[in-house]
Protein chains: 2
Amino acid sequence: MPATETLLDHTLIALADPTRRAILRRLAQGEARVTELAAPFAISLNSVSKHIRLLERAELISRRRVGREHILSFRPEPLRAARQWIERQERFWAAGLEALDAVLTAEQDKED
Amino acid sequence: MPATETLLDHTLIALADPTRRAILRRLAQGEARVTELAAPFAISLNSVSKHIRLLERAELISRRRVGREHILSFRPEPLRAARQWIERQERFWAAGLEALDAVLTAEQDKED
DNA sequence: CTTATATTCATCCTTATGGGTGAATATTGT
DNA sequence: ACAATATTCACCCATAAGGATGAATATAAG
C-alpha cells in the first residue's frame, strides 16, 4: 500500500469484505440508517460504523444527517470504475487468445 | 473475515493491491516467469513471490513448472464472478431509481 | 430537566498484508 | 564437482483490518 492510495484501491478494499458487500447490497436498494444496516449482523454496532467509514472512503456510499440519524445512500460511480478495470483485463485476455489462435491457424495452413 | 473465506473474497482481496493488479494486467497478455513479473517493480523478488501466492489463492493465475522456472498464466473465471457481483448491484440500483421515478410520475399525474 | 436513542470516539486485542533479509532447494551450465 | 540462476522458505518488522468494550456527543421525547 503505497502512500498514494487511489480511489480504485479504496473501492476494491471496500468490496473485499463480505460484511461490507452485504451492506452495499442493502443500500443499492434504498437508503438506510446505521442501526438498520447493523441489524442483520452479529457484530457490534461499532464495527458496522467502521465498515461504513471504509465504504465512505471508497465513495461507495454517502451520508446525510437528519437529526440524530445518519442516513446512508449508495453511490454507483466507483463500482462502474472497478467493473471497467475488470472488463479491460478480460478483453486483453480474449484478444491474446485470438492472436494465439491466428498464429496456430497460420502454422496449420503452412503444414497443409 | 469469517473462518470461511469465499473465492470471491479472495478475488477481491487479490485485486485490492496495485502491485497485484499490475501483475495481473501483465499476465492477461501472456504467460511470464516470476523474475519477469518482478522486473518492473522496485520491491524484492520475494515480495513479488508473495503477491503471486495471493493471486493463486484467488485462482486468478495458475503455475506450471518448467525446470527451475515457474511459468504463471492468467485465469479469467474469478474476474467474471467479481464483475457479475458488481453488475448485479448496479442493476439493483438502477431498478430502484426506475421504481422511484414511477412513483414520482404517478404522484405528478394525480396532481394534474 | 431527565431519560432514552443514535452514532461516533478512544482504546485494546488479534490477525493478515506488504515489505525486507538470509538461507535453503532445485535445476542448469561449465 | 562447482558455480550460477530461479524460486521459495523461515523469520522479522510495521501498519491496517476487523472486532470488542466503555465513554462521549447529539438529539429526541416525556
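This structure is a prediction, so every number in the text was calculated from the model and none was measured. The figures here come from the full heavy-atom set of this structure, side chains too, leaving out hydrogens, waters and symmetry mates.
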Strictly below 4.0 Å: does [X] bring a side-chain N or O up to OP1 or OP2 of [N]?
X: His51(B); N: dG19(C); value: yes
X: Ser44(B); N: dG19(C); value: no
X: Arg53(A); N: dT8(C); value: no
X: Ser47(B); N: dG20(C); value: yes
X: Arg63(B); N: dT7(D); value: no
X: His70(B); N: dT8(D); value: yes
X: Arg57(B); N: dT17(C); value: yes

[atom1] of [X] versus [atom2] of [N]: gap in Å, rounded?
X: Leu72(B); N: dT8(D); atom1: CG; atom2: C1'; value: 13 Å
X: Leu45(A); N: dG19(D); atom1: CG; atom2: P; value: 13 Å
X: Glu5(B); N: dT15(C); atom1: CD; atom2: C1'; value: 11 Å
X: Glu69(B); N: dA26(C); atom1: CD; atom2: C1'; value: 12 Å
X: Arg20(A); N: dG18(D); atom1: CZ; atom2: P; value: 4 Å
X: Lys50(A); N: dT8(C); atom1: NZ; atom2: P; value: 12 Å
X: Leu37(A); N: dT8(C); atom1: CG; atom2: C1'; value: 15 Å
X: Leu15(A); N: dG18(D); atom1: CG; atom2: P; value: 12 Å

Most 5' of Gly67(A) and Ile13(A) on DNA chain D, judged by nearest nucleotide: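 Nearer the 5' end of the strand: Ile13(A).
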DNA chain D: 5'-proximal contact among Glu36(B) and Arg65(A) (nearest heavy atom): Glu36(B)
Val34(A) side chain, from C-beta outward: closest of dG19(C), dT8(C), dA20(D):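 Selected nucleotide (nearest to the side chain): dT8(C).
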Arg68(B) side chain, from C-beta outward: closest of dT5(D), dT7(D), dG19(D):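 Output: dT5(D).
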If you take all heavy atoms of [X] and [Y], which pair is closest and at what distance?
X: Leu55(B); Y: Ala14(B); value: CD2-CB, 4.0 Å
X: Glu59(B); Y: Arg75(B); value: O-CB, 3.3 Å
X: Ala82(B); Y: Leu12(B); value: CB-CD2, 4.3 Å

Any donor-acceptor N/O pair under 3.5 Å between dG18(D) base and Asn46(A) side chain: no
Touch class at under 4.0 angstrom, heavy-atom based, for Leu54(B) against every strand present: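 It contacts sugar-phosphate atoms only.
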Nearest-0.5 Å distance, CG of residue Leu37(B) to NE2 of residue His51(B):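 Here the interatomic distance stands at 11.5 Å.
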Under 3.5 Å donor-acceptor, Arg25(A) side chain and Gln29(A) backbone: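 No: the side chain of Arg25(A) does not pair with the backbone of Gln29(A).
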N/O donor-acceptor pair under 3.5 Å between Glu69(A) side chain and Arg65(A) backbone: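 Looks like no, no N/O pair under 3.5 Å.
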